[in-house]
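All values reported here derive from a predicted model rather than from experimental measurement. Numbering of ligands and ligand atoms starts at 1, following listing order. One is the number of the first residue; the rest follow in order along the sequence.
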Amino acid sequence: MASYPLLDTIGDPADLRRLDRKFLPQLAEELRRFIVESVASTGGHFSSNLGTVELTIALHYVFNTPEDRIVWDVGHQTYGHKILTGRRAGMAKLRQKGGLAGFPRREESPYDTFGTAHSSTSISAAIGMAVAARAKGEDRRAIAVIGDGAMTAGMAFEALNNVKHSGANVIVVLNDNDMSISENVGALNNYLARLMSGRFYAATKKTAEKMLSVAPPMKELAKRIEEHAKGMLTPSTLFEEFGLNYTGPIDGHNLEVLIETLGNVARLDGPQFLHVVTKKGQGYKLAEEDPITYHGPGKFDPTVGLVKAKPAPEAKPKPTYTQVFGEWLCDMARLDKRLIAVTPAMREGSGLVKFSQDFPDRYFDVGIAEQHAVTFAAGMAAEGIKPVVAIYSTFLQRAYDQLIHDVAIQNLPVVFALDRGGLVGADGPTHHGAYDLAYLRCIPNLVVMAPTDENECRQMLYTGFTHDGPSAIRYPRGTGPGAEVLKSMQALPIGRGSIVREGKRVAILAFGSLLKPALDAAAELGATVANMRFVKPIDEELVAKLASSHELLVTVEEGCVMGGAGSAVLEALHAGGFSVPVIQLGLPDVFVEHGDPQQLLADCGLDRDGILKSIREHLSRTSGRRPGMAA
Ligand SMILES: Cc1ncc(C[n+]2csc(CCOP(=O)(O)OP(=O)(O)O)c2C)c(N)n1
Ligand SMILES: CC(=O)[C@@H](O)[C@H](O)COP(=O)(O)O
Ligand SMILES: [Mg+2]
């Protein structure tokens, strides 16, 4: 049984701050070891958490948390923070139903000062907290801890642009590990590399070690670090142009330097920018060597590391929808030279690794910059290119105006390959693709498709690509029902669904991934089932046909009921003058928590039993019979 003698004594940061500094390296070793053991047993974000062990300890050691507010950007790197703030036991149920969230949540702890998970919000929030403290006459600091990947988003620069003007005394700590999920990209990344590899970093590191070796009184040390750091920075850095006092870069794994420098920075007036250099995966060799694979692994044996699951020889492994997309993209690129793929920093998650290798000149990772990704694609489409934007449903929310203003109004042929449509599971409410059917179908010119299986996904991607206007194909995280994926590609008739099961009295109109439970429920009821395929344009003819021949229509979608695909059916019925009763099944008007996706679907009544229950309760209510009786 692993032992953590020092970590066992830390119930909260006050305990940490009572520790003599000489014990902090041991605490870091125990915390890092605990993170390895715990995350290997539950799965979760791994390499980013190993990289922030010392930084987390130093932040809680120097600042009077939770009175001083730490805002973690993205927040996937906060397991150490959660462990040191009294939630170590909760790590056993990390990202499981009823367990700890994988990101900071205000309702989870007073130390989680701001809910994050979508990147690049921390500086804005910290400025807000600093201005609030000043307005309330409270003496507290607000510290944003942001990664170099998160720094590539426009929102981070909107905040930097405002910080001096706001008068907010924020401290921005850049956790620079030269990685996003993939390798970080863009000019800022190169700039940071120059700051890191130039004379600044080497000199600071050497000086700090020299200073520490003579161990002068701390006050003297702090003063000399500050002078030295100051003295080096002849050319002002980009961050000083924004009005922040830049310090660094410093070694983010050296607790002494971190504590001294943070303490020093904390005492300086005006907005501060501390550049900290860390290694993603620090302390676990396999993650240090491959921080991408170890960014968000499932469960694994830490003594062995992640091993590729060997499928049983006879079993043909089911491809994920992401893999179906990635394969289609390469096939389509070979057929049409106009195709260019764009991703906002999600190469692996969106299935673009192979495409990036096979078509490097037609592959663009724009960094965490969804707004730029969409309008960049629109610019290409305006010039006859056929861009495919691979983007998670939840992250497209960041570029909603660009979708409308730059793509749809101009009716430009951009294909949105919307991965993670529906409930994603462990990442929870910030990442569920819950709203895309609603937020997409109200946009004119946009064709919105939801495949019911892997082959239909491929055909819909082709349909979107050959359509002369914008289109979105939304598919869920993970695998589908296991349909054979035909290599041939056939464009589907736009706006056409079809009846896939003939029945009577009740007709279930299924959209996307929930066709399977709909069919299972229909088999029990003798109901009709339609695969609607298109959320927009909705197949009004099919809706009218079903309304004219059934007593009850049931719409089923893995998306919010409010404004979703079912609402499109209601609108079609109303326009056609039908008054047939309709049950709309989908995600409820609440933020669905994190947990196992199948369990979450069942909790939302979107599995076979849930669909059956809703229909039977309706029928018994309307026919005066008790729930539970056969329809
Ligand atoms: C708006 C948004 N887009 C994409 C993501 C997906 N994402 C999560 S972490 C990450 C990389 C973050 O890099 P960095 O800030 O450097 O943190 P590190 O993982 O290196 O610690 C990305 C792209 C996100 N969380 N939010
Ligand atoms: C923190 C973050 O936003 C990403 O790491 C996200 O968790 C990836 O999600 P998938 O695991 O679905 O690719
Ligand atoms: Mg990084």
* **Side chains of E348 and S182, donor plus acceptor under 3.5 Å** => yes
* Asked: Between D112 and R87, is a salt bridge (charged side-chain N to carboxylate O under 4.0 Å, His left out) present by the stated rule, with each step listed?
  -> CA-CA 11 Å; D112 291 7; R87 289 169 278 177; 2.7 Å; yes
* Should the pair K318-E454 be classified as a salt bridge under the 4.0 Å nitrogen-to-oxygen rule? -> no
* To do: Indicate yes or no: does R347 engage E183 in a salt bridge with an N to O separation below 4.0 Å.
  => yes
* Look at atom 4 (C) of ligand 2 and say which protein heavy atom is nearest, naming residue and atom and giving the distance to 0.1 Å. => H45 NE2, 3.8 Å
* Structure fact -> Logged contact type for I181 with ligand 1, heavy-atom cut-off 4.0 Å, is both
* Protein contact to atom 7 (O) of ligand 2 [nearest heavy atom, distance to 0.1 Å] -> D427 OD2, 2.5 Å
* Does E348 approach ligand 2 within less than 4.0 angstrom via side chain, backbone, both or neither, non-hydrogen atoms only? -> neither
* Asked: Looking only at N/O atoms, are I368 and ligand 1 under 3.5 Å apart anywhere?
  -> no
* To do: Record the part of R420 in heavy-atom contact with ligand 2 below 4.0 Å; permitted values are side chain, backbone, both and neither.
  => side chain
* Structure fact -> The option among Y392, F103, F395 carrying the non-hydrogen atom nearest to atom 13 (O) of ligand 2 is Y392
* Would you confirm whether the ring centroid of F300 sits within less than 6.0 angstrom of the ring centroid of Y294? => yes
* Taking the six-membered ring for Trp, are F359 and Y363 ring centroids under 6.0 Å apart? -> no
* **atom 25 (N) of ligand 1: nearest protein contact (heavy atom, Å)** => A117 O, 2.8 Å
* M151 and ligand 1 - part of the residue with a heavy-atom distance under 4.0 Å -> neither
